[in-house]
Amino acid sequence: MKLQGKHILLGISGSIAAYKAAFLVRLLVKEGAEVQVIMTPASKEFITPVTMCALSGKPVASEFFVANDGTWHSHVDMGLWADLLLVAPATASTIAKMATGVCDNLLITTVLSAKCPVMVAPAMDLDMYRYPANQKNLQTLKSYGQIILEPGEGELASGLSGKGRMQEPEEIISKVISFFSSPKKLYNKSFLVTAGPTYEKIDPVRYIGNRSSGKMGFAIAQSLAEEGASVTLVSGPVNLEISHPFIKIIKVESAREMEAECLKIFPDTDGAVMCAAVFDFRVENISEKRKIKRTSDGFSLSLIPNDDIASRLGSIKTENQLLVGFALETDHEMENAKEKLNKKNLDFIVLNSLTDKGACFGFDTNKISVLSDNGSIINYPLKDKKEVAKDIVALITERLKSKV
Ligand code: CTP
């Protein structure tokens with residue numbers, strides 16, 4: 001029982017995902033939590049207070065007053081009682097009211113009175129989710145320190161498919177448990193991490209690639225997630241597995257596929273860490289279907305440049321976002337790294353040298369120097385990549401404090 005004795009207020013608003021709130025209460029109670037359910041008037045169209053009362057073992061709070069005896073549901077007392085206020089599902093309307101403080105129901109008054117952390121699990125149609133006002137309201141809630149449990153992508157109740165599905169009760173529970181298990185510095189933050197090599201196709205069986213193992217990028221994704229951040233890891237072909245409730249992995253092959261994913265994901269994040277060893281060129285004339293046959297003549301490939309993904313993200317980075325790049329150099333290391341830092345509009349560049357023993361491709365260890373856009377340089381000793389990842393995440397955490 002990982003939530004023994006925790007007081008959790010569960011706010012339910014009027015979305016079809018309200019039916020998932022029943023499972024959520026069951027899971028919370030099973031983990032030992034005491035749950036007080038607050039329902040908005042609209043939510044009662046989707047699931048009944050009787051169901052929620054039976055599952056939580058407490059009468060549901062919904063109106064400011066109980067009509068027949070005048071009992072007052074004190075939002076102030078509930079707000080003080082709670083260790084966590086979880087709004088799941090949170091509709092666009094509830095999110096808007098939470099952002100602007102429109103207190104026209106008991107749930108919103110409780111949000112405004114609560115002294116405890118607030119978690120919000122949005123649930124809505126993809127276009128509603130994307131709507132600029134909704135995005136702005138979510139940003140506002142984040143700026144209040146509230147934790148947004150980003151909705152997933154998939155089939156929606158409307159029959160459309162896209163981003164807007166409330167996270168599954170099991171996912172929400174694992175976030176609640178991990179929230180209580182240790183204070184995390186990057187809760188409420190989200191990151192994009194790129195990792196591994198890219199493969200550029202020559203024909204159906206051949207490609208050009210490089211020897212990047214992906215270990216550094218995977219270690220950074222893991223370390224960010226362990227600090228509570230939501231991470232989307234876009235990885236080229238590697239022999240690594242990762243499993244963490246806060247990490248979503250997207251597998252790609254070519255630089256162009258990686259670029260397309262990064263451009264989609266980056267705008268919704270607090271930052272990106274570009275660990276991938278992106279192949280700078282691709283084959284001009286790919287033989288898509290036919291394997292290229294051996295001939296007695298030589299064979300040459302024409303290569304054309306790929307975009308620099310880090311630079312493209314650097315050009316759209318907002319002042320609240322952070323961008324970290326890596327540099328792999330064999331000569332004039334510091335000068336080259338500084339140039340890349342400026343050219344790509346990075347906050348930090350992590351320099352690793354191929355000349356350092358035990359560092360870089362394929363090794364479990366790495367030796368880095370981190371150059372910052374403010375001119376500082378930190379040199380670290382040779383360490384396990386997991387430890388190196390923690391050093392980088394510590395720098396990111398510190399820098400993000402000045403970004404909000
Ligand atoms: N990078 C990228 N897209 C590319 C090339 C590089 O996003 N097409 C990113 C890498 O992930 C890394 C940083 O840019 O964070 C620097 O990569 P590196 O290969 O060292 O530098 P390049 O800019 O490609 O320069 P060069 O290969 O000429 O040293």
Side-chain angles (χ1 to χ4, degrees), residues 191-201 207-221 224 231-238 250-267 269 271-284 303-317 321-356 359-362 366-373 385 388-389 391-393 395-396 399:
F191 290 91
L192 161 69
V193 178
T194 66
T198 62
Y199 284 2
E200 304 301 327
K201 196 171 173 184
Y207 61 84
I208 316 176
N210 62 60
R211 293 195 287 131
S212 166
S213 64
K215 284 180 185 164
M216 195 63 246
F218 274 58
I220 289 185
L224 286 167
V231 181
T232 307
L233 174 62
V234 179
S235 174
V238 292
I250 297 178
K251 294 181 178 168
V252 295
E253 282 219 343
S254 68
R256 292 226 280 185
E257 286 165 15
M258 184 173 277
E259 179 180 10
E261 293 297 340
C262 290
L263 289 173
K264 243 193 288 170
I265 297 156
F266 183 63
T269 65
V273 186
M274 312 300 286
C275 289
V278 183
F279 202 90
D280 288 321
F281 301 93
R282 65 179 179 276
V283 176
E284 187 173 21
L303 299 179
I304 52 172
N306 276 325
D307 282 345
D308 183 332
I309 306 171
S311 288
R312 290 207 64 190
L313 300 191
S315 70
I316 55 170
K317 179 177 92 169
Q321 284 180 305
L322 175 143
L323 188 60
V324 181
F326 274 69
L328 175 62
E329 306 294 340
T330 48
D331 52 87
H332 300 102
E333 302 178 339
M334 284 292 170
E335 293 91 309
N336 289 342
K338 265 185 207 154
E339 199 188 314
K340 283 180 191 172
L341 176 81
N342 294 331
K343 210 170 76 190
K344 301 184 191 218
N345 193 22
L346 306 174
D347 294 72
F348 296 117
I349 192 153
V350 181
L351 170 65
N352 38 42
S353 161
L354 268 177
T355 52
D356 278 320
C360 223
F361 281 9
N366 204 358
K367 186 166 173 247
I368 59 162
S369 300
V370 180
L371 287 70
S372 158
D373 60 351
K385 281 185 177 168
V388 174
D391 289 337
I392 295 169
V393 169
L395 288 175
I396 290 173
R399 174 61 67 93

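Atoms within each ligand, like the ligands themselves, are counted from 1 in listed order.
- I304 places none of its side-chain heavy atoms less than 4.5 Å from the side chain of F281.
- Taking a cutoff of 4.0 Å between a charged side-chain nitrogen and a carboxylate oxygen, K340 and D308 do not qualify as a salt bridge.
- At most 12 heavy atoms of other shown residues, nucleotides or ligands fall within 6.0 angstrom of atom CZ in R256.
- If you check the side chains of R282 and T198, you find no donor sitting under 3.5 Å from an acceptor.
- Enumerated by chain and number, the residues approaching ligand 1 to less than 4.0 Å through a heavy atom are M274, A276, V278, D280, D307, D308, I309, A310, G325, F326, A327, L328, K340, K344.
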Assess the residue pair E259 and R312 against the criterion (salt bridge (Lys or Arg N to Asp or Glu O under 4.0 Å)); give the C-alpha distance rounded to whole Å, side-chain angles, the decisive distance to 0.1 Å, and a yes or no. CA-CA 9 Å; E259 179 180 10; R312 290 207 64 190; 2.8 Å; yes
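- For F279, there are no ring pair (Phe, Tyr, Trp, His ring centres under 6.0 Å) partners two or more places apart in sequence or in a different chain.
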